[in-house]
Amino acid sequence: MAIRILHIVTKLELGGAQRNVLDILSGLDQKRFEIHLISSKGLLNDEARAIPHLHLTLLPFLRRPPNPIFDLWAFLVLVSYMKRNKIQIVHTHSSKAGILGRWAARLAGVPVIIHSVHGWGFHDYLKSFLNDFFIFLERVTARITTKLIAVSENDIRKGLDLRIGSQNQYLLVRCCLYQHQQL
């Protein structure tokens with residue numbers, strides 16, 4: 001029986017996190033994994049649809065800027081989807097999808113919760129209540145996260161400096177995309 005894995009990314013736009021998600025999904029063994037992806041619309045929709053046997057769900061209300069009504073709706077849909085499809089692993093990418101997806105996984109009883117850090121959603125140059133709130137959210141959400149995958153050592157250092165997760169939660173996996181050209 002295949003392991004049911006759900007990846008969640010906020011938007012399928014042109015970017016490193018999104019490219020990484022599609023590369024991961026394309027490389028998964030379809031005999032071992034039942035592959036699911038939830039995102040909102042973006043420029044890479046057709047590329048996602050081209051991945052064989054991918055269960056793609058586009059949520060138009062999974063939007064980047066915080067919006068309590070849309071965020072609550074997205075959260076409830078995520079919990080329902082995970083329960084209905086008996087998801088066993090949730091792997092989130094990007095800050096919004098990371099917070100909503102990991103808490104939804106926790107509520108749905110998903111046993112393995114992974115988050116990839118493709119840069120943090122807060123910044124050193126933003127000194128504000130909102131920035132501090134995002135750091136707080138990452139701290140408490142790291143407590144329910146099985147593994148934190150970072151694409152750079154700097155992201156790990158920054159997370160640990162801000163008390164987001166513990167050293168043993170972090171795993172460094174550099175994202176390397178190679179394009180082969182015929183000469």
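Here the structure is a predicted model, which means the values were calculated and not measured.
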Engineer: What pairs with Ser80 under side-chain hydrogen bond (donor to acceptor under 3.5 Å, both in side chains), at least two apart in sequence or on another chain?
Structural biologist: Arg84

Engineer: Can you name the side chain to side chain contact (heavy atoms under 4.5 Å, CB included) partners of Arg63, sequence neighbours left out?
Structural biologist: Pro65, Phe70

Engineer: Return the set of residues passing side-chain hydrogen bond (donor to acceptor under 3.5 Å, both in side chains) with Ser39 (not counting sequence neighbours), or none when no residue passes.
Structural biologist: none

Engineer: What residues form a salt bridge (Lys or Arg N to Asp or Glu O under 4.0 Å) with Asp161, not counting sequence neighbours?
Structural biologist: none

Engineer: Provide the full list of ring pair (Phe, Tyr, Trp, His ring centres under 6.0 Å) pairs with a residue in residues 8-52, sequence neighbours left out, each pair given once.
Structural biologist: His36-His55, His36-Tyr81

Engineer: With a 3.5 Å distance limit and no angle check, can you tell me whether Asn85 reaches the backbone of Met82 through a side-chain donor-acceptor pair?
Structural biologist: no

Engineer: Suppose we screen for side-chain hydrogen bond (donor to acceptor under 3.5 Å, both in side chains). Which residues come up paired with Glu47, at least two apart in sequence or across chains?
Structural biologist: Arg19

Engineer: Apply salt bridge (Lys or Arg N to Asp or Glu O under 4.0 Å) to Lys11 and list each qualifying residue two or more places apart in sequence or on a separate chain.
Structural biologist: none

Engineer: Any idea which heavy atoms bring Ala48 and Leu12 closest together, and the distance?
Structural biologist: CB-CD1, 4.0 Å

Engineer: What distance do Thr145 atom OG1 and Ile164 atom CD1 have between them, rounded to the nearest 0.5 Å?
Structural biologist: 10.5 Å

Engineer: Is the number of heavy atoms from other residues, nucleotides or ligands within 6.0 Å of CZ (Phe61) greater than 12?
Structural biologist: yes

Engineer: Quick check: closest heavy atoms across Leu148 and Gly165, and the distance to 0.1 Å?
Structural biologist: CD1-CA, 4.2 Å

Engineer: Sequence neighbours left out, what passes ring pair (Phe, Tyr, Trp, His ring centres under 6.0 Å) with Trp120? Give chain and number order.
Structural biologist: Phe122

Engineer: Residues two or more places apart in sequence or in another chain: which of them pass side chain to side chain contact (heavy atoms under 4.5 Å, CB included) with Leu43?
Structural biologist: Leu14

Engineer: Go through the structure and list residues passing ring pair (Phe, Tyr, Trp, His ring centres under 6.0 Å) with His118, not counting sequence neighbours.
Structural biologist: His93

Engineer: Of the non-hydrogen atoms in Leu58 and Leu56, which two are nearest, and what is the gap between them?
Structural biologist: CD2-CD1, 4.0 Å

Engineer: Residues two or more places apart in sequence or in another chain: which of them pass salt bridge (Lys or Arg N to Asp or Glu O under 4.0 Å) with Asp155?
Structural biologist: none

Engineer: Grouping I, L, V, M, F, W and Y whenever their side-chain heavy atoms are under 4.5 Å apart, do Leu171 and Ile113 come out in a common cluster?
Structural biologist: no

Engineer: With Glu34, which residues qualify under salt bridge (Lys or Arg N to Asp or Glu O under 4.0 Å), at least two apart?
Structural biologist: none

Engineer: More than 12 heavy atoms of other residues, nucleotides or ligands under 6.0 Å from CZ of Arg4: is that the case?
Structural biologist: yes

Engineer: For Ser166 and Asn168, does a side-chain donor sit closer than 3.5 Å to a side-chain acceptor?
Structural biologist: yes

Engineer: Are any of the side-chain nitrogens in Arg143 or Glu138 under 4.0 Å away from the carboxylate oxygens of its partner?
Structural biologist: no

